[in-house]
Amino acid sequence: MAILEMDKFTLYGLHSERKRLLETLHQMELVQIDTTDANALALDRVETAKKISGFDSYLASAGQALEILNRYAPKKSGMFTKRTELSCEHYSMDSSEASEMMKIVYELLRLEKEMNEKRDRISKLRIKQAALLPYLGLDVPMQLSQTKSTKIQTGVLEGEWTSQRFATALQNAELTACYFEILQSTKQQTCLWLVYPKEQEAEFKAFLRKINLQEPSFSLSHHTPKKKTALLEDEIASLLKEIQECEEAIKALSKNQEEIELFYDHLILRKEKYEVLAKIGITENTFMMQGYLPRSSASAFKKELEEHFHIAVEIEAPAPDEDVPVSFSNNALVQPVEGITSDYSMPSANDIDPNPIMAFFYYFFFGMMFSDAGYGLLMMIGCGILGFSKLLEKKKQRPFQMFFFCGVSTTIWGILYGSFFGDMIATVSKTFGSGQLAFKPILIDPVAKPLELLIISVAFGLVHILFGLGIKFYMLWKQGDKKGAIFDVGFWMLVLVGAAIMATGMGIGVDLIFNIGIYAMILGAVGLVLTQGRNSKNIFAKFFGGVLSLYDITSYVGDILSYSRLMALGLATGVIASVINVLGSLGGASVVGLISYIAISIFGHALNFAINMLGAYVHTNRLQYVEFYQKFYEGGGRKFEPFSMNTKYYQMIKK
């Protein structure tokens, strides 16, 4: 259980075998190919940027085409649908097949674009129809602006105008020789149609400017508003029919969905190979590549390639200062939590694999916070089926495996706390039975003794932090910094252990234990004062540097108190579950009461399960990242990412 040991390989081969070799390495999914130092070896490189950019463009188009098909002709799939398995020998497409797929992809994109344009057109037509609504009572074309002897004006006035108000305004302006209609009047605007004599055009225009009559916000038609609205509706109907035809065309092309998915994966694989090709150094007839692979597979890798290719493979141990990619090698219990560490940061060259120790505390703390045997059993059953059966692909099983082990811990802590869906057994017994059944706690009742649980939580937190400091001590000692191990870590461990011993002595009332703890704390504090300023040249700086280092005790106290969340979340899970049981039992011992109890319990416990499981997950991660890892973990390493077939729709089966 440790960080996987890596070897560096250098491979020399002929151009004639390069393509076949890359395909073999791709299928082996064993090696990480790094950029060859071509400059140092006076080698050229294959220019692949343009090709990779082209693949990115094709992938984007194919992805959009598949999204279109999923919208208009969704493919039936279940929650546990697995990718179709396909032999590696059949994943490739020739140029004619790829060209045919791109034609289908572009046709789907064209149909989607055409439909969007028609929908935009319909939206604009709907807006025009809405704008014409106030004018539907007008039985002449809105474009009509004059007759032989009159001028005609259609417009909009701000605010609400009545016929009386407009007539009064005309009288005040001494303009009575006209005809007008108020087509629509609201608090916001008034639509008006007006006819007046041509000989008074100047006076009427001045009047209309004064009352701020505005032209309609749309182009005027030579049809009546009602006729124009009907024509717009006909155009909308025609566009909707065309959209329907496009949708049918898309559905007809859905028969090619599997081929497009295969084409998408084909593009991914080709892009990956060109990305690797860019890292290879070349001469006129040969090529050279370098990278890393697990030491345990190095000899078999060398033998396999040299038997099937005219190549030379050199295997060597990386230099001490080399930036070697990192991977883990752990057992089935630890493997599921490796993602927790990699999400934080991969180990550096100075780090050890933290996963074995972290896994124990991760499961331990998760169970302590979720702490209900009923919820734990549900997690074990559900996540056990998904994590260890063949319903999911192996890469998707690990999170469920992790939560399975978290469920085991949750079940154990639920038994220790006496919590099975809260106090469901006791509540059901009291409501529907004799009241003699109950699920008794083995260790402690969190509701009855929260202070004792808080002390236990803080004690576990202290142990967790001491483990982190112990790892730091070991790492410094192993690196040869024995003074740093003793002075910077050992004395702090002595202070914290002394504080724990002192608190224990105080709690049980034994003066001897209390005094031992006091002396240990004093010894550790004195050691810190005398050593923490050791890098300063001035004697006063040495002393004050040591004294000021004691201020870090506040950080340790804050970290230890953070573990009170173990009590808080564990208590919350049980209390909320018990409240749900009480609410469910309010219906009493009747048929209606039984039905209401079942309904309330299912809904309430499902909600409590979801909320507190999420809380336990988040806070367990926080305890590892903030309180534990920061005591010893340097991080900053790069993850081992082998040249693999990272397809999306098909699972490639190796030879």
Side-chain angles (χ1 to χ4, degrees), residues 1-12 25 28-43 45 276 278-281 288-303 305-306 311-331 334-335 338-358 467-490 534-535 628-644:
M1 296 189 293
I3 294 175
L4 191 65
E5 291 185 324
M6 293 284 174
D7 274 336
K8 183 177 181 179
F9 76 89
T10 304
L11 187 152
Y12 305 91
L25 295 178
M28 292 174 75
E29 299 186 326
L30 180 66
V31 301
Q32 176 173 320
I33 300 172
D34 280 4
T35 302
T36 304
D37 190 358
N39 293 332
L41 299 172
L43 301 178
R45 290 197 192 283
V276 167
K279 301 175 181 179
I280 296 174
M288 170 189 173
M289 70 171 66
Q290 292 178 324
Y292 299 90
L293 77 163
R295 181 165 296 170
S296 58
S297 305
S299 59
F301 169 78
K302 176 181 171 69
K303 181 180 179 182
L305 293 187
E306 289 184 344
I311 60 173
V313 181
E314 295 178 357
I315 305 291
E316 60 183 336
D321 59 345
E322 199 165 336
D323 184 19
V324 181
V326 181
S327 185
F328 300 117
S329 176
N330 291 298
N331 59 35
V334 178
Q335 282 178 357
E338 289 176 353
I340 302 296
T341 299
S342 60
D343 287 344
Y344 180 76
S345 181
M346 294 301 288
S348 69
N350 297 323
D351 286 316
I352 64 169
D353 181 5
N355 290 301
I357 296 174
M358 187 271 288
F467 260 94
L469 291 173
I471 296 172
K472 182 67 174 178
F473 185 96
Y474 167 78
M475 290 167 58
L476 290 173
W477 192 277
K478 187 178 179 181
Q479 293 166 16
D481 187 6
K482 296 182 179 180
K483 287 184 179 180
I486 296 172
F487 297 159
D488 299 336
V489 182
R534 64 185 183 275
N535 294 325
F628 186 55
Y629 277 5
Q630 291 192 10
K631 298 297 178 292
F632 69 93
Y633 195 65
E634 182 178 314
R638 61 182 179 124
K639 188 176 182 180
F640 178 63
E641 296 178 328
F643 181 35
S644 304

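One is the number of the first residue; the rest follow in order along the sequence. Only this structure's heavy atoms are used, side chains among them; waters, hydrogens and symmetry mates stay out.
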Nearest atoms (heavy-atom pairs only) where [X] meets [Y]:
X	Y	value
Met289	Leu25	SD-CD1, 3.6 Å
Ala317	Asp7	CA-OD1, 3.7 Å
Gln32	Pro325	OE1-CB, 3.6 Å
Leu469	Val489	O-CG1, 3.1 Å
Val326	Pro347	CG2-O, 3.4 Å
Val334	Pro356	CG1-N, 3.7 Å

Would a 4.5 Å heavy-atom cut-off, applied to side chains only, mark [X] and [Y] as touching?
X	Y	result
Arg295	Pro318	yes
Phe328	Lys639	no
Gln479	Asn350	yes

Report task. Would you please test Ser327 and Met6 for side-chain contact (heavy atoms from CB on, under 4.5 Å) and show each step? Result -> CA-CA 9 Å; Ser327 185; Met6 293 284 174; 3.7 Å; yes

Query raised in the report: Do Tyr292 and Glu322 meet the criterion of a side-chain donor-acceptor pair at a distance under 3.5 Å?
Result: yes

Distance, nearest 0.5 Å, that separates [atom1] of [X] from [atom2] of [Y]:
X	Y	atom1	atom2	result
Asp353	Leu4	CG	CG	10.0 Å
Gln290	Glu316	CD	CD	8.0 Å
Ile311	Glu306	CD1	CD	6.0 Å
Leu476	Asp488	CG	CG	7.0 Å
Leu293	Leu30	CG	CG	5.0 Å
Met358	Tyr633	CE	OH	9.0 Å

Query - Where at least one partner belongs to residues 338-348, residue pairs that pass side-chain hydrogen bond (donor to acceptor under 3.5 Å, both in side chains), sequence neighbours excluded - result: Asn330-Glu338, Glu338-Arg398, Thr341-Asn355, Thr341-Tyr629, Ser348-Asp351, Ser348-Glu634

Query raised in the report: With sequence neighbours excluded, what pairs up with Asp34 under the salt bridge (charged side-chain N to carboxylate O under 4.0 Å, His left out) test?
Result: Arg638

Query raised in the report: Are Phe301 and Phe9 close enough that their ring centers fall under 6.0 Å?
Result: yes

Report task. Determine, step by step, whether Ile352 and Ile3 satisfy the side-chain contact (heavy atoms from CB on, under 4.5 Å) criterion, reporting the C-alpha distance in whole Å, the side-chain angles of both residues, the deciding distance to 0.1 Å, and the verdict. Result -> CA-CA 7 Å; Ile352 64 169; Ile3 294 175; 5.7 Å; no

Requested in this report: Could you please spell out the steps behind the side-chain contact (heavy atoms from CB on, under 4.5 Å) verdict for Val313 and Tyr12?
Outcome: CA-CA 7 Å; Val313 181; Tyr12 305 91; over 6 Å; no

Report task. Would you sort out whether Lys472 and Trp477 count as a side-chain contact (heavy atoms from CB on, under 4.5 Å), showing the intermediate values? Result -> CA-CA 8 Å; Lys472 182 67 174 178; Trp477 192 277; over 6 Å; no

Report task. Using ring-ring contact (aromatic ring centres under 6.0 Å, His included) as the criterion, list what pairs up with Phe628, not counting sequence neighbours. Result -> His464, Phe632

